Amino acid sequence: MKKRLLPLLLALSLAVLSACGANNQNQNQTPSPQTGGQTTPPAQSITIAISGDPTTLDPHKSFNGYVFTVTNQLYETLLFRAADGSLQPRLATGWTPVDETTWEFKLREGVKFSDGTPFNAEAVKFSLERLANPETKGPGAFIVNMIEEITPVDETTVRIRTSTPFAPLLAHLSHPVTAIVSPKAAEGDLSKNPAGTGPFLLADWKAGDSVTLKANPDYWGGKPKLETVVLRVIPEAGTQLTELKAGTVDLITGVQPERFAEIENDPQLSATRFLGWGSMFLGFNMKTGPLATPEVREAIAMAIDREGIVQTLRQGMAQFGNALVPPTVFGAAVDLDGPEYDPEGAKALLARAGVTTPLKLRLNTYEGAENQQIAQAIQAQLSQIGIDLEVVVTDYGAFAEAIAADDHGLWLSSWGTVTMDADYTFYALLHSLQHGADNKAFYANTQVDQWLEEARSTTDEGQRKALYRQIQEQVQADLPYLNLYYPLSSYAKNDRLQGEVYPFSSINLDLRQAEVK
């Protein structure tokens with residue numbers, strides 16, 4: 001049994017510090033005002049805490065959870081993932097394979113965009129082609145890059161043909177980046193003036209502060225009961241919880257592990273956690289610098305006590321695993337072997353590689369209590385093998401810019417396999433065509449590229465799983481990424497909010513039937 005001293009002491013101290021100063025008394029005790037013995041109906045308005053500000057409200061021009069958390073309330077996709085993982089109809093009411101490369105979709109009738117223009121087959125064609133168009137500069141274009149042709153058959157029927165058989169097509173069309181937008185509104189600036197078919201409309205956006213939504217009175221599914229939804233930017237998890245307990249916020253996501261029981265024990269609050277689609281990983285720039293040396297990447301992987309991080313830092317809010325995708329995702333290799341925690345072996349490996357210590361490296365990550373906590377633990381652990389790690393924490397925009405540079409080093413980030421199909425993650429992070437997009441490791445392996453293409457083009461699930469197994473084994477050997485753990489999805493709410501549906505993550509929060517009671 002290898003010793004786990006410094007990281008565990010660090011973890012315990014961080015947990016204690018994060019709990020200090022918390023207000024443990026729920027202040028949300030104000031009774032409903034009464035007049036003449038009659039209870040006044042509660043205002044149908046809620047506030048949701050979000051950790052970061054969206055950079056745009058154009059769903060085709062971003063690939064960021066902060067953006068999709070907002071845009072998913074304004075726009076809709078053809079299909080969506082239900083809480084049980086099944087694909088369900090949204091703007092498409094049915095779909096049928098025509099041949100091995102073509103699907104026909106029947107569209108919902110009588111739907112209008114928020115600008116009053118009709119939703120139809122031409123709008124589907126326009127939206128998906130706009131996403132794929134290089135001029136859009138959409139980082140999520142790879143989601144539809146297999147589509148060869150989109151043909152409106154009539155107003156409510158559209159056919160989508162792919163260049164080769166593409167098994168994950170339906171899953172990809174449930175991704176929020178494939179939102180259907182108003183062609184007329186897209187002639188202007190959707191980033192500030194969104195126009196979708198969703199249950200809510202944009203009322204106000206104060207950059208860096210809040211986004212306010214209002215109920216769409218003409219929503220095809222019926223006007224939502226909630227009149228107003230305010231998404232407030234509150235970066236600190238501790239502050240979010242304090243405001244939840246005070247009643248100034250109604251829902252928070254990413255509950256701190258050390259505070260989960262506290263919420264559960266509060267009679268006016270509820271907390272939920274479950275294994276979703278997310279992964280937390282450490283990325284290595286294989287293009288230049290010390291990290292281009294395989295032995296350096298392997299030594300770093302061996303020096304990180306990943307199981308200790310799960311058990312001590314995450315305190316039941318994460319699951320350990322080596323694969324880049326969690327067991328909930330199709331194609332995950334749940335029994336994949338990975339680097340063992342062995343700091344002495346890591347030191348020896350660096351010495352054999354001729355690395356002179358202290359080796360100075362930089363790790364980029366973005367704001368958030370979990371990211372900072374894990375980055376500090378990694379910094380402490382790597383110091384034990386002679387690596388002097390500089391941790392740089394910025395807002396997400398600056399982080400994304402930093403890791404786009406050719407000479408960036410390590411980075412810590414999370415990733416959600418939103419389609420629930422491994423192709424989504426593996427193609428984005430591993431394919432050589434994704435350099436300059438999501439493959440920030442600059443990983444390039446022609447065999448892996450070939451396996452990825454083969455897995456996309458077969459509809460045989462057994463063959464796809466076998467190919468994804470080979471891909472994951474090769475990635476473990478090459479180490480462009482080190483999976484740290486699978487974070488449990490979590491959220492906490494004031495019990496006055498009822499009827500919300502929270503499958504997988506905040507970007508899927510469904511408020512269509514939500515109300516304040």
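For clarity, every value in this text was computed on a predicted model and none was experimentally measured.
- When every heavy atom of Leu87 is checked against every heavy atom of Ala171, the shortest pair comes out as CD1-N, 4.0 Å.
- No donor-acceptor distance shorter than 3.5 angstrom exists from the side chain of Asp478 to the backbone of Pro480, with no hydrogens or angles considered.
- The number of heavy-atom neighbours closer than 6.0 Å to CD of Glu473, taken from other residues, nucleotides and ligands shown, is above 12.
- His60 contributes a side-chain N or O that, together with a main-chain N or O of Ala179, makes up a donor-acceptor pair within less than 3.5 Å.
- Thr77 and Ser174 make their closest contact through OG1-O, 3.9 Å (heavy atoms, listed as atom of the first residue, atom of the second, distance).
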- Begin from the C-alpha positions of Ile48 and Leu511 and carry the test side chain to side chain contact (heavy atoms under 4.5 Å, CB included) through to its verdict. CA-CA 11 Å; Ile48 297 172; Leu511 297 171; 4.1 Å; yes
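- Gln73 places a side-chain N or O within 3.5 Å of a backbone atom of Leu509 that can act as its donor or acceptor partner.
- Annotation for Glu390: atom CD counts as buried by contact number, over 12 foreign heavy atoms lying within 6.0 Å.
- For His175 and Tyr424, the distance between ring centers is under 6.0 angstrom.
- In this structure, a donor-acceptor pair under 3.5 Å is absent between the side chains of Tyr443 and Gln434.
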- Task: For Glu454 and Gln450, run side-chain hydrogen bond (donor to acceptor under 3.5 Å, both in side chains): C-alpha distance rounded to whole Å, both residues' side-chain angles, the deciding distance at 0.1 Å, then the answer.
- Result: CA-CA 6 Å; Glu454 289 178 14; Gln450 180 182 331; 2.9 Å; yes
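- Glu149 CD: more than 12 foreign heavy atoms inside a 6.0 Å radius.
- Exactly one residue among Tyr481, Trp415, Tyr486, Tyr485 makes a ring pair (Phe, Tyr, Trp, His ring centres under 6.0 Å) with Phe281. That residue is Tyr481.
- Contact between Thr71 and Leu57 at its shortest, heavy atoms only, is CG2-O, 3.8 Å.
- Here Arg464 does not pair with Glu461 in a salt bridge; the nearest charged N to carboxylate O distance is not below 4.0 Å.
- No hydrogens or angles considered: nothing links the side chains of Asn508 and Ser506 as a donor-acceptor pair under 3.5 Å.
- For the residue pair Thr102/Asp99, the side-chain donor-acceptor check at 3.5 Å is satisfied.
- For CD of Glu453, the number of neighbouring non-hydrogen atoms (other residues, nucleotides, ligands) closer than 6.0 Å is greater than 12.
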- Query: Does the pair Thr136 and Asn133 meet the rule for a side-chain hydrogen bond (donor to acceptor under 3.5 Å, both in side chains), with working shown?
  - Reply: CA-CA 6 Å; Thr136 302; Asn133 190 335; 5.0 Å; no
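- Ionic pairing of Arg314 and Glu370 is present here: one or more N-O contacts between side-chain nitrogen and carboxylate oxygen are shorter than 4.0 angstrom.
- Interatomic distance, Ser414 OG to Ile374 CD1, rounded to the nearest 0.5 Å: 11.5 Å.
- We find that Asp342 and Lys347 are not joined by a salt bridge, their nearest charged nitrogen and carboxylate oxygen being 4.0 Å or further apart.
- With values rounded to the nearest 0.5 angstrom, Glu307 atom CD is found 7.5 Å from Asp305 atom CG.
- In this structure, Asn64 and Pro54 have side chains that are not in contact, with every pair of non-hydrogen atoms separated by 4.5 Å or more.
- Atom OG of Ser432 is separated from atom CG of Asn439 by 8.0 Å, given to the nearest 0.5 angstrom.
- The two residues Leu361 and Pro290 come nearest to each other via the heavy atoms CD2-CG, 4.0 Å.
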- Message: Apply side chain to side chain contact (heavy atoms under 4.5 Å, CB included) to residues Asp53 and Asp395 and explain how you reach the verdict.
- Response: CA-CA 9 Å; Asp53 197 33; Asp395 61 59; over 6 Å; no
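- Contact of the Trp95 side chain with the Leu79 side chain is registered, since non-hydrogen atoms from C-beta on lie closer than 4.5 Å.
- The pair Glu148-Arg159 fails the salt-bridge criterion, with no side-chain N (NZ, NE, NH1 or NH2) lying under 4.0 Å from an Asp/Glu carboxylate O.
- Asn145 and Arg456 get closest at one heavy-atom pair: OD1-NH1, 3.3 Å.
- With a 4.5 Å cut-off on side-chain heavy atoms, Leu482 and Phe284 count as touching.
- At least one cation-pi condition fails for Arg81 and Phe504: the charged atom is not both under 6.0 angstrom from the six-membered ring centre and inside a 45 degree cone around its axis.
- Of the possible polar contacts, one joining the Thr458 side chain to the Asp460 backbone as a donor-acceptor pair under 3.5 Å is found.
- With rounding to the nearest 0.5 Å, the separation of CG in Leu244 from CG in Asp250 is 8.0 Å.
- Between the side chain of Gln240 and the backbone N or O of Ile234 there is at least one donor-acceptor pair closer than 3.5 Å.
- The local environment of CZ in Arg362 is sparse, with at most 12 non-hydrogen atoms from other residues, nucleotides or ligands closer than 6.0 Å.
- Side-chain contact check for Asp423 versus Tyr468: some heavy-atom pair is nearer than 4.5 Å.
- The ring of Tyr396 has its center closer than 6.0 angstrom to the ring center of Tyr366.
- For Thr101 (side chain) and Thr164 (main-chain N/O), no donor-acceptor pair under 3.5 Å exists by modelled atom type.
- Judged by distance alone, with hydrogens and angles left aside, the side-chain atoms of Arg273 form no donor-acceptor pair with the main-chain N or O of Ser489 at under 3.5 Å.
- Side-chain N or O atoms of Thr293 include none that pairs as donor or acceptor with a backbone N or O of Glu295 at under 3.5 Å.
- Taking all atoms of both residues into account, the shortest heavy-atom contact from Ile471 to Phe426 is CG2-CD1, 4.4 Å.
- One finds a salt bridge joining Arg469 and Asp335 here, because a Lys/Arg side-chain nitrogen approaches an Asp/Glu carboxylate oxygen to under 4.0 Å.
- To the nearest 0.5 Å, atom CD1 of residue Ile309 and atom CD1 of residue Ile378 are 5.5 Å apart.
- With rounding to the nearest 0.5 angstrom, the CG atom of Leu363 is 11.0 Å from the NE2 atom of His408.
- With hydrogens and angles left out, the side-chain atoms of Asn371 and Thr365 include a donor and acceptor closer than 3.5 Å.
- Between Val177 and Pro59, every side-chain heavy-atom pair lies at or beyond the 4.5 Å cut-off.
- Annotation: side chain of Gln315 is not in contact with side chain of Val310 (no heavy-atom distance under 4.5 Å).
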- Message: Applying side chain to side chain contact (heavy atoms under 4.5 Å, CB included) to Met302 and Glu340, what does each step give before you reach the verdict?
- Response: CA-CA 6 Å; Met302 292 166 62; Glu340 295 286 339; over 6 Å; no
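- Side-chain rings of Phe166 and His172 approach one another, their centers coming within less than 6.0 Å.
- For the pair Asn322 (side chain) and Leu336 (backbone), a donor-acceptor distance under 3.5 Å is present.
- A heavy-atom distance below 4.5 Å is not found between the side chains of Val355 and Leu349.
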- Task: Go through the steps for Leu430 and Leu452 under the test side chain to side chain contact (heavy atoms under 4.5 Å, CB included), then give the verdict.
- Result: CA-CA 9 Å; Leu430 303 173; Leu452 285 168; 4.3 Å; yes
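- In this structure, Gln381 contributes its side chain and Ile304 its backbone to no donor-acceptor pair below 3.5 Å.
- Between the side chains of Asp84 and Ser86, at least one donor N or O lies within less than 3.5 Å of an accepting N or O.
- Leu170 is listed as a side-chain neighbour of Phe105, based on a closest heavy-atom distance under 4.5 Å.
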